[in-house]
Amino acid sequence: MDLGLKGKTALVCASSKGLGRGCAEALAAEGVNLIMNARGAEALEEAAAAIRAAHGVEVTAVAADITTEDGRAKVLEAAGEIDILVTNAGGPPPGLWTDWEREDFIAALDANMLTPIALMKVCLPGMMARGWGRVVNITSQSVKAPIPVLGLSNSARAGLTGYVAGTARQVAEQGVTINNLLPGIHATDRAVALDTGVSKAQGITLDEARAQREATIPARRYGTAEEFGAACAFLCSQHAGFIVGQNILLDGGAVNATL
Ligand code: NAP
């Protein structure tokens, strides 16, 4: 299927590794020019070079912390006019509800709610004026089914979800769609970090922690960044213009719910 994206430009935040990288790869494979971002310059430059070589698209790499005002300004300046925005950043640390103080919530809200909102506020007017745009926010399955140790994520991402539900319906008329992709567990560094936490807490090996988690997923495996990227590229495609304000789970069936 031709996704109809050749020659478009996408800003993919937090994309040197993991799910962001999967989205960048899938869009590049469709002929989309990229602005890629991450904090670590080395891994980012490596990822950008690999994508240029594999797909022959233009890739601008901007090393910056997307959760800071300065970082966003740097990224947005380099990006210029974009057709597609994929928001992403690292997830909050695990813990218990008794651990977190106001500052912990402020940090999580900044990274996983207010950063995507700030990026949308800057990018949406241009997309609307040009009559076409796509925004995909990488959130989490925790929006549909709270994860006990990720209370900071449960909270911040629920806030973003509410914002998207309202805003998506105000920009759709101008040909701009906003949707959220909700990853369940995927085989990335983040999954290793979460499984390491479980292995330490339970005194089991990392492999045992992973096997234990896999057993809870109907698909009996972790998702891949490639699968995730393909779903993102489809949501950005010409075929997805009627998908507005949705929250799409990619979780191997882990959330046990009818809707
Ligand atoms: P990952 O493999 O750890 O990759 C994170 C990427 O984001 C890296 O490229 C990292 O590079 C970049 N990054 C992190 N913080 C950043 C920041 N402040 N500014 C710019 N770039 C930043 O993580 P992932 O698994 O892809 O997860 C992506 C998001 O999905 C996270 O919010 C995570 O919580 C969420 N999620 C993941 C899963 C999963 O199973 N993997 C499940 C549910 C939700 P630098 O470190 O160099 O900046």
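Count residues from 1 along the sequence. We count ligands from 1, going down the list as the structure has it; atoms in each ligand are counted the same way. Because the structure is a prediction, the values reported are computed rather than measured.
Between C123 and I82 there is a side-chain heavy-atom pair separated by less than 4.5 Å.
Checked against salt bridge (Lys or Arg N to Asp or Glu O under 4.0 Å), D195 has the following partners two or more places apart in sequence or in another chain: R213.
Closer than 4.0 angstrom to ligand 1 by heavy atom are A14, S16, K17, G18, L19, N37, A38, R39, G40, A64, D65, I66, T67, N88, A89, G90, G91, I138, T139, S140, R157, P183, G184, I185, H186, T188, D189, R190, sorted by chain and number.
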Could you go through residues 34-56 and list every donor-acceptor pair under 3.5 Å that involves a side-chain atom there, pairing it with any protein atom two or more places apart or in another chain?
unit_1 : atom_1 : unit_2 : atom_2 : d
N37    : OD1    : A14    : N      : 3.1
N37    : ND2    : V62    : O      : 3.2
N37    : ND2    : A64    : O      : 2.9
R52    : NE     : V59    : O      : 3.3
R52    : NH2    : V59    : O      : 2.8
H55    : NE2    : E25    : OE1    : 3.2

Side-chain donor-acceptor distances from residues 252-259 under 3.5 Å, at least two apart:
none

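Looking only at atom types and distance, the side chain of D110 has no donor-acceptor partner in the side chain of T67 under 3.5 Å away.
Around atom CD of E208, more than 12 heavy atoms belonging to other residues, nucleotides or ligands sit under 6.0 Å away.
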